[in-house]
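Before any comments, here is the structure.
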Amino acid sequence: MSDDSSSPIMPKSAFEPLPDELDFPSMERRMLGLWADEDTFERLRAKNADGPRWSFFDGPITANNPMGVHHAWGRTYKDVYQRYRAMRGYHQRYQNGFDCQGLWLEVEVEKDLGFNSKRDIEEFGLEAFADACRERVEKFSGVQTSQSVRLGQWMDWDDSYFTHSDNNIEHIWHFLRRCNERGWIAAAQRAMPWCARCGTALSQHELIDTYEEVEHDAVYVRLSIHGRPGTWLLIWTTTPWTLAANVAAAVHPDLTYVEVAADDGRYLLAEAAMSAVFGEVAEVVATHQGSDLLDLTYDGPFDDLPAVSGVTHRVIPWTDVGADEGTGIVHIAPGAGEEDFLLGRDLGLEVLVPIDENGNYTDGYDWLTGRDAREVADDVVADLRKRGLLHRHHTYTHRYPHCWRCQEELVFRVDDEWFIRADEVRQPMLDAAATVKWIPEYAGARMADWLRNMGDWNISRRRYWGLPLPFYPCRSCGHLTVIGSKAHLEERAIAGMDQLRELHRPWIDRVTIRCESCEAPTNRIDAVGDAWLDAGIVPFSTLGYLHNSAEFENWYPADFITEMREQIRLWFYSMLFMSVTIQNQSPYQSVFVYEKLNDETGRAMHKSWGNAIDFGEAAERMGADVMRWLYAGHNPLYNINFGYGPATEVKRRMLTLWNVYSFFVTYARLDGFDPTAPRIPVAERPDLDRWALSRLQGLIDTMTASLDDYLVHRGVQAAQEFVEELSNWYVRRGRRRYWKSDSDDDKQAAYQTLYELLTSLVRLLAPVMPFWTDDIYQNLVRRADPDAPSSVHLTDWPKADYSILGKELVIDFDEVLDLIRPKPSSIREDLEWNMDVVRTIVTAGRQARSEFNLPIRQPLERVIVCGVPNWQCKRIRQRLEEHILEELNVESVEYQPSAILGDFFEVTAKIDFKSVGPRLRNLTKAVATELEERAEHHGDYLERFTTEEGYAIRLHVEGKQVELGSKDVVFQRIPKEGLAVAKQDGVIVALTTTINDRLRRGRLSRELVHAIQGLRRDAGLEVSDRIHLWLDGPAALHETLAAHETEIAAEVLALAVNEGTPPESAAEAAPTLNGVPVKVRLTQS
RNA sequence: GGGCUCUUAGCUCAGUCGGUUAGAGCGCGCCUCUGAUAAGGGCGAGGUCCGUGGUUCGAAUCCACGAGGGCCCA
């Protein structure tokens, strides 16, 4: 063993020194460069090419705008689980997807081109419009790709799928043809929620999340009852524009209606609505049952309009009528309301459709014709007033649906739409959904609920850039031909194929086919498809279902998919629908959903509110790894509050790991640590090392389970705790082992252990934090070992191995007798429980010092530890005592696990409720009280008695005799005066507070070291520089030096103390230490 | 109106099978430690565990009802 303290330090180690601070963005860009240069991802794929398959389907991101930070959340999950599976050796597809057509894309293109209506598009030309849409897709799929790369997502970017591809469209055609074979395809007139701006209907699932609170004009309108002059039917509506289409007024047959006398006549309305409309003083002149009113007819509100003339307005029954709002008489316009339409259909009412697809009144509505229905409320009200039909008018606030893409208020409109019937597929879909593992579980309940309630799927949209529905209804024979593939189209076509550039409008519209039934020339309907068809077909189209069955068999169904929760009723639903139809099974086996992303104050992010965070900016300001850590560590059951504040918190945690890493590199370089040197068996390392390695094995298990279960946040939280312990206990407790001058086995064990901890940790964290972990790996592993894999991402996932901890667990006979606490059943428990107790003792000791104002620099004679079982005291005394001595700065530890400490402590006894409660039932409380009273004066006696084998405390409570054994009672010792005492988790720690001369010298010695270290730093010395030291002061100083000089010199690396005369240039300080004025001078030697 | 879900410190959230002193992080104040540390440690202020009732020897935890928030459906 060589003393190298005087030899120059020559770094032999391979490790690079670390920069002063951790700069995530620049480090991440460096790693992106490295991965690109070395084809790291391609190597990973090659490495796993023969591995077991793990199939993931990427939910397509709309290639419509730059990525938002909320996309980054989902993409983090996707990347984390794929990277984890890759480290486990799984072969994967890594296919990313873009959603490329449909209404939302058209809306953005319209905005770009400054369009306001469909007419603008028609004038612009469908070809040019299709090109503009295609260009937008190309642009933003490129932007999103580079953003995803920046996030660290590893995908086969050149193999991304695009939903506007002919391949995707063909597969949907196949699905639709299958539906038609089963008779599920139907056209029907329906009242649909309708966006007048977009000029198209929306389907049920597109209404989700679109209800917003708005103010509308609400009107009470009086309508003259035929044959009852001066008597008015009073109706109420919040949509005045629909009054022109009124054909009926609905009453509840079982409700009571009244006629109320007013100045200008008698008003008919529900009794329950009377006071709200007329106040308490209304005079009732007649009462009717709702069913009695059904013969009435009345003058409509707009009978003078040509379209309405000839309509007989009737009072009709409807059991959904209520009197909570309005008048209990409901205005019915079957052409302008969903329920109205259904009611009208049942009763055979006339259907007046007052508006066209753009929301403008059609011909026959006179002064309203050509006007936008959403803008006529004021004029309608004025007109009603002029004609004496307006009873009252007010503003009304309610939740009303909006177009989810352009934010316009929706209207309802009756139109011909195409549907897929859902009834036959409902149960098979429920059955398939039941086979899926939903995470969290309630997502499965949501899906089942949705499926039970789902209506027919409205798949037609009166738009342009979208899936062309391959529906060819024959005008001659009425047969519907549904084209199932491109080949099928070619086979049936008689014109237009030569110009068919792609399966989109306008090209597809120019193709004419022969009707399958009568061979008559037939043209396509002009509608396009719901975009959820585009996304739903992905499991088939991307696996080449129609053309490559081997590929399909290999990867279908997916092992895992993940998206935001709202996708349950969107993508998950459409995929399930299509997959059950084609394959009669679920296309996915595990589904993970997460909640919403808000800003850091919990508000939704909106560009217009100025609180949206741009992905690129966030990546460059906080770093992708920090963002990923934030996302991965969040409980997906709750909304995440995302922002720079939370990111700073994450960064601070990262800093803890950085500090450990930096500490290791600093000293490993100084010592020339060689990680390839023979390893010291873990069993032979100190308990501190074995403890840390035990914790590491635990972390490996936790992390593995959390990733297997798709609950990565649990792993991340465990990793955070591990890093805290690594820094604040393992390194803190072990640091002297690294800077001591001896190069012995203990030092080697320390280096090897910390090296193993760090290099294992980066592998465990690699899926979550791919950049930094690889950066650390490059420095710690690859530089030291040229044969190591070239990236952390090419290493194997760690496997927990507790056997390395070595040394059989031995329980002594006296430990068996120690009945108070459970014994460890493994080496792991032995190591970890003991260290836990040591940490508890230290925490309590520090607490005691703080409370009794005894600074840690003041050595104390003794710490007395109580409440720790015998076997554990023994372990600590043998192997862990140094940590207590050093942390608490005491000269000795005294263990008092069960002895009587009458001099120091009051002993109190408390019942162990868990043990006694079930046995004593309702006597428990009384026994507890009795025991506490007895123990107040005889606690120590009770304790000694009870802990003897076979004895028990006998109490008489409420006339009954109760025996308490040692397991039934918990004794606590409360120290008396003269001791500094603290208690933590059942452990009591008492410090002796008497300070003698020896302890006083010890204090000064510590103060001196502290002062000298400060001066060293001020003088700009390196931690390894040796010094010459001069100390001067009163007698107290010299007494201290006499006792502690060697120790002080060693601590501050002084080669000589008070030798010769200090030079002029010596650094100098003159502090007063614990009341002793001292002069300190030092020079570098 | 129906369903699901949530409500714990100023903020963000843990809290296992029901067990008797309800915790952490952040923020705030005081103190302390520091030869890796913009770090760490201790103390303090801050709690009607949403409310009421029930079950139980014992309830933040289970049940019922109610209030409030979120989501979904109508």
Side-chain angles (χ1 to χ4, degrees), chain A residues 18 20-21 204-205 207-209 211 320 322 324 338-339 440-443 445-450 452-454 565-566 568-569 595-596 600-602 633-635 637-641 645-646 648-653 655-667 714 717 720-721 724 727-729 731-732 735-736 738-739 839 842-857 887 889 910-928 970 972 982-986 1006 1009-1010 1012-1014 1016-1017 1021-1025 1051-1053:
Chain A
L18 268 42
D20 290 340
E21 59 178 301
Q204 206 180 348
H205 48 228
L207 293 187
I208 291 164
D209 284 340
Y211 280 79
D320 280 0
D324 296 339
E338 195 172 13
E339 291 168 316
E441 276 179 31
Y442 78 85
R446 276 279 162 99
M447 176 60 96
D449 184 51
W450 169 254
R452 278 191 292 269
N453 294 308
M454 70 173 168
R565 193 192 56 194
E566 63 191 12
I568 291 170
R569 286 163 168 79
E595 295 294 314
K596 288 214 159 74
E600 60 187 83
T601 66
H634 184 260
N635 183 346
L637 223 55
Y638 300 96
N639 293 342
I640 189 168
N641 294 353
T648 306
E649 223 175 290
V650 168
K651 232 175 203 164
R652 200 149 37 196
R653 291 178 196 280
L655 193 62
T656 309
L657 180 55
W658 169 261
N659 289 330
V660 174
Y661 173 44
S662 162
F663 172 86
F664 174 83
V665 170
T666 303
Y667 286 95
R714 292 191 182 162
Q717 278 159 17
Q720 266 168 203
E721 283 163 27
E724 290 289 321
S727 171
N728 296 326
W729 190 252
V731 174
R732 173 188 166 88
R735 58 189 153 177
R736 282 167 184 277
Y738 303 87
W739 74 59
R839 295 194 68 180
V842 168
T843 301
R846 280 199 282 241
Q847 190 179 327
R849 274 185 171 271
S850 176
E851 266 177 39
F852 290 78
N853 209 7
L854 297 161
I856 292 188
R857 282 195 204 121
E887 284 292 311
N889 195 15
K910 261 187 138 177
I911 210 161
D912 183 345
F913 283 92
K914 199 169 185 173
S915 158
V916 169
R919 177 157 49 93
L920 296 185
R921 315 285 295 174
N922 48 10
L923 270 179
T924 309
K925 241 178 195 167
V927 171
V970 178
Q972 292 190 322
K983 203 170 70 171
Q984 173 115 8
D985 297 339
R1006 291 273 294 232
V1009 170
H1010 184 60
I1012 296 161
Q1013 302 290 24
R1016 280 183 61 116
R1017 210 175 326 167
L1021 299 186
E1022 295 292 327
V1023 293
S1024 53
D1025 288 339
E1051 280 286 305
V1052 302
L1053 301 183

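So that the names make sense, note that chain A is the first sequence line, chain B the second, and so on, each numbered from 1. Hydrogens, waters and symmetry mates are skipped; everything else that's a heavy atom, side chains included, is used.
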Mind listing the N/O atom pairs, protein and nucleotides 6-16 of chain B, below 3.5 Å?
residue, atom, partner, partner atom, Å
A14(B), OP1, N635(A), ND2, 2.8

Quiz prompt | C1'-based separation of C17(B) from A60(B) [nearest Å] | solution = 15 Å
Quiz item: Looking for any heavy atom pair under 4.0 Å, which part of the strands does V842(A) touch: base, sugar-phosphate only, or nothing?
Solution: nothing
Quiz item: Who are the ring-ring contact (aromatic ring centres under 6.0 Å, His included) partners of Y738(A), not counting sequence neighbours?
Solution: F663(A), Y751(A)
Practice problem: Could you give the distance separating C33(B) and A9(B) at their P atoms, to the nearest angstrom? | Solution: 34 Å
Quiz item: Taking the same atom, C1', in G18(B) and in G54(B), what whole-Å distance lies between them?
Solution: 15 Å
Quiz item: Which of the following nucleotides, C33(B), G19(B), C71(B), is nearest to the side chain of P855(A)?
Solution: C33(B)
Self-check item: P gap between U48(B) and U61(B), integer Å
Solution: 16 Å
Quiz item: For atom P, what is the distance between G10(B) and C50(B), given to the nearest Å?
Solution: 13 Å
Quiz prompt | Pairwise P distance for G27(B) and G19(B), with rounding to whole Å | solution = 32 Å
Self-check item: Nearest-angstrom distance from the residue atom CZ of R446(A) to P of C4(B)
Solution: 10 Å
Practice problem: Using salt bridge (Lys or Arg N to Asp or Glu O under 4.0 Å) as the criterion, list what pairs up with E1051(A), not counting sequence neighbours. | Solution: R736(A)
Quiz item: Using the C1' atom in both, what is the distance from U7(B) to G15(B), to the nearest Å?
Solution: 15 Å
Please list each protein N or O that sits under 3.5 Å from an N or O in nucleotides 36-40 of chain B, with the distance.
residue, atom, partner, partner atom, Å
A36(B), OP1, R735(A), NH1, 3.3
A36(B), OP2, Y667(A), OH, 3.2
A36(B), N6, S727(A), O, 3.0
A36(B), N1, S727(A), OG, 3.3
A36(B), N3, N659(A), O, 3.2
U37(B), O2, N659(A), ND2, 3.3

Quiz item: Whole Å only: how far is the CD atom of E566(A) from the P atom of C71(B)?
Solution: 12 Å
Quiz item: With pairs taken as Watson-Crick or G-U wobble and both distances under 3.5 angstrom, which stems of at least three consecutive pairs involve RNA chain B?
Solution: B:1-7 with B:67-73, B:10-13 with B:23-26, B:28-32 with B:40-44, B:50-54 with B:62-66
Practice problem: For nucleotides G41(B) and A67(B), find the distance between their P atoms and express it as a whole number of Å. | Solution: 45 Å
Self-check item: side-chain N/O H1010(A) vs C33(B) OP1/OP2, d < 4.0 Å
Solution: no
Self-check item: side-chain hydrogen bond (donor to acceptor under 3.5 Å, both in side chains) against R652(A), all qualifying residues, sequence neighbours excluded
Solution: none
Quiz item: Can you tell me how far C1' of U5(B) sits from CD1 of I568(A), to the nearest Å?
Solution: 12 Å
